[in-house]
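Working notes for the structure below.
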Amino acid sequence: MKSEIREILNASVKKLYSEEINDFDITRPKFKSHGNWSSNIALILGKELKDQPRKIAKNIVNEFPKKNWLSKIDIAGPGFINFFLTQEAQTEFLKSFLSDDFSFIETKENRKILIEYVSSNPTGPIHVGHGRGAAYGSALAKLLRLTGDKVVEEYYVNDRGLQTDVLALSVFLRYQELFDLRILFPSDCYQGDYIKKCAKSAKKYFGDKFMLKKDLKSQQSSDISLILEEIYKITPDFKELTDFCISYQMEEIKSILLKFKVEHESWVSEKSLYKSSKGSSLFETTLSELKKNNYTYLENDALWFKSSEFGDEKDRVLIRNNQDPTYFASDVAYHKFKFDRDFDQLINIWGADHHGYIARLEGALDALNLNPKKLETLIIQFVSLIKSGENISMSTRKGEFISLEELIKEVGVEAARFFFLARKSDQSLEFDIDLAKREDKNNPVYYIQYAHARISSLQKELLKRKLIIDNENGFKKLSKVLTDLEFEIINEIEQFQDVIQQCKKDLEIHPLCFYLRDLASKFHSYYNANKFIEDEKDLRDAKFILVAAIKKVLIQGLDILSINAPEKM
RNA sequence: CUCUCGGUAGCUCAGCUGGAUAGAGCAUCUGCCUUCUAAGCAGAGGGUCGCAGGUUCGAAUCCUGCCCGGGAGGCCA
């Protein structure tokens, strides 16, 4: 209906004024007295033509053909054109809505999209901040798939570099303790209990292979690089332990993510970027291209990238003076790898702490003649946890992170996902643990699920009473038996696809959360004010069509969020 | 200092590609269960949209300046 109105308006404007405008709106007005659809076309045109909007509106309305779905057109306020549909027209779409799968929601584009998200370091457990990104990325992937895009969900594993060495060292030292060797544990090593767990697992796997025969000379210094140096010297197979630790941590992370209903299908190892196939590695090719394009220089034995030429505040190091590539250098190669795979759009979902990275990365892409516009980096702001009114969340300094696993244990997967998703992602989030645990209307997750459970229960009751809904009859009677509230609900249902399209356009999920809550609310009102298992067949058939449509939206909406729609609560 | 996100009801937040009378939830107050789930519903009160200018028919929304708060600014990742 909306698109038909748009076409007619476009045509009449062309005819009347030989103008073409695209940026006018056709929206659902806030107030019922403003009709079912409303357009600001005359206001926009008024500006363009420097003429009175109301006058223009009048001309357009006079030009508007008679339609059987249209009951009235009004001009209101400064020049809005308001369309009032007939009752039949308002219920019309429900028919296709119920019979179709959600194919009507697909757009024609069918883009290939890569979403990289979570990508947390395998040096420790995944915490609530990552959890937010995880929920967001997975929901976005689902939403884009629903609208017809091909989506690959990817996790980038930082399996090389200093941090992984520190991980291995930490495990190595804890491992010695399992053989009753007391070795000083430097404060720069990872302190968490998960290191001990990993050490135990290493002992099971390697036996005493890495057991130290004598004390470390360097341990007095607490200098990690010195200790590592000595260990490398006396334990030639140390890399095996490093690899073990990384895959151990990755398995831990994967299993938590799976519990959280997050499943990446692609895992890219940072280390693999340095493995050469047919002569040179991806890293080498990337680097030599930067060099060739003359965007690098040597200074203090380090290789620098001229990122300041691309709007970054200063140049950045690619290769340190000890010849070790920086994380940034890897990341450039990784992003080149993303571009090489021929996606239409690349989406990065990063934590807010990576914010400063965007400029230099886009600069590097530019330098490689890759279009930075193809890449969209979304920033997920921090999560703070609130319990009994107190902030219990992490402080980066002290390393006090609340793990995602703990949070799930505390509030459950459903609530955790919803609370993460219900907030605009680039805004910091206060996660109220007490609220997430409540099982009443205060908790939007339960509220939405409850609406679904109530509908299911109604349908079960039908079966119990051996009543069968006649859909054909229901559709026929729909517009005749329904009241205002019911038309309002129908409007709400119809808006589902607008909400989805909006989310897709803005790469946002929270509008869907708000929408589902609103729809649930309308249903609860409806439920409370009505009897559904009516004695009168026509009324019953019609109402159950409406109820089935609500249910369908709730299921689909919750599915995007990966939240259950329980039959019974 | 630079960059960035924010400041909307007592609280937590939507709305921001300019539109009609400012939107939810929570909290507060008043009602509703012998009917298919009260984990629910109905109603009420509650606002200088941080401040000051500007742009125009029209600004919470766009521009400029300022005030306040979160975050980020390594040859760590």
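Below, chain A is the first sequence line, B the second, and so on; all start at residue 1.
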Is [X] positioned over the aromatic face of [Y], cation under 6.0 angstrom from the ring centre and no more than 45 degrees off axis?
X        : Y        : answer
A:Arg6   : A:Phe24  : yes
A:Arg360 : A:Tyr357 : yes
A:Arg438 : A:Tyr446 : no

Establish, with yes or no, whether the OP1 or OP2 oxygen of [N] is under 4.0 angstrom from a side-chain nitrogen or oxygen of [X].
X        : N     : value
A:His510 : B:G15 : yes
A:Arg540 : B:C36 : no
A:Arg423 : B:C13 : yes

Quick test: give all pairs of protein nitrogen or oxygen and nucleotides 74-77 of chain B nitrogen or oxygen below 3.5 Å, distance rounded to 0.1 Å.
residue, atom, partner, partner atom, Å
B:G74, OP2, A:Lys314, NZ, 3.4
B:C75, O3', A:Arg320, NE, 2.9
B:C75, O2, A:Asn321, N, 3.1
B:C75, O2, A:Asn321, OD1, 3.3
B:C76, OP2, A:Arg320, NE, 2.7
B:C76, O5', A:Arg320, NE, 3.4
B:C76, O5', A:Arg320, NH2, 3.3
B:C76, O3', A:Arg320, NH2, 3.2
B:C76, O2', A:Gln163, NE2, 2.6
B:A77, OP1, A:Arg320, NH2, 2.6
B:A77, OP2, A:Arg320, NH2, 2.8
B:A77, OP2, A:Tyr327, N, 3.1
B:A77, O2', A:Asn121, OD1, 2.7
B:A77, O2', A:Asn121, ND2, 2.2

* **Which nucleotide in B:U37, B:U17, B:C36 has an atom nearest any side-chain atom of A:Arg454** => B:U37
* Will you find, in the side chains of A:Gln459 and A:Lys551, an N or O donor that is under 3.5 Å from an N or O acceptor? -> yes
* Could you tell me the separation between the CE atom of A:Met569 and the P atom of B:A38, rounded to a whole number of Å? => 13 Å
* Structure fact -> For nucleotides 1-11 of chain B, 5' to 3', base contacts (B), sugar-phosphate-only contacts (S) and non-contacts (-) with protein non-hydrogen atoms under 4.0 Å give --SSS------
* If a protein heavy atom is under 4.0 Å from the base, mark B; if only from the sugar-phosphate, S; if neither, -; do that for nucleotides 25-30 of chain B going 5' to 3'. => SSS---
Taking distance alone, no hydrogens or angles, what donor-acceptor pairs closer than 3.5 Å link side-chain atoms of residues 298-305 of chain A to residues at least two apart or in another chain?
residue, atom, partner, partner atom, Å
A:Trp304, NE1, A:Glu299, O, 3.3

Using a heavy-atom cut-off of under 4.0 Å over every strand shown, decide if [X] touches base, sugar-phosphate, or nothing.
X        : value
A:Asn530 : base
A:Asn82  : base
A:Tyr450 : base
A:Lys568 : base
A:Glu567 : base

* Verify the stacking flag for A:Phe80 against B:A20: centroid separation must be under 5.5 angstrom and the ring planes must differ by under 30 degrees. => yes
* Asked: Can you list the steps and then say if A:Arg160 with A:Asp324 is a salt bridge (Lys or Arg N to Asp or Glu O under 4.0 Å)?
  -> CA-CA 11 Å; A:Arg160 60 164 288 283; A:Asp324 197 24; 2.9 Å; yes
* To do: For RNA chain B, list all stems, counting runs of three or more consecutive pairs where every pair is Watson-Crick or G-U wobble with both distances under 3.5 Å.
  => B:1-7 with B:67-73, B:10-13 with B:23-26, B:28-32 with B:40-44, B:50-54 with B:62-66
* **Nearest-Å distance once atom C1' is located in both B:A60 and B:U8** => 7 Å
* **With A:Arg423, the side chain to side chain contact (heavy atoms under 4.5 Å, CB included) member among A:Glu430, A:Arg132, A:His510** => A:Arg132
So which protein N/O to nucleotides 57-62 of chain B N/O distances come out below 3.5 Å?
residue, atom, partner, partner atom, Å
B:G58, O6, A:Lys47, NZ, 2.6

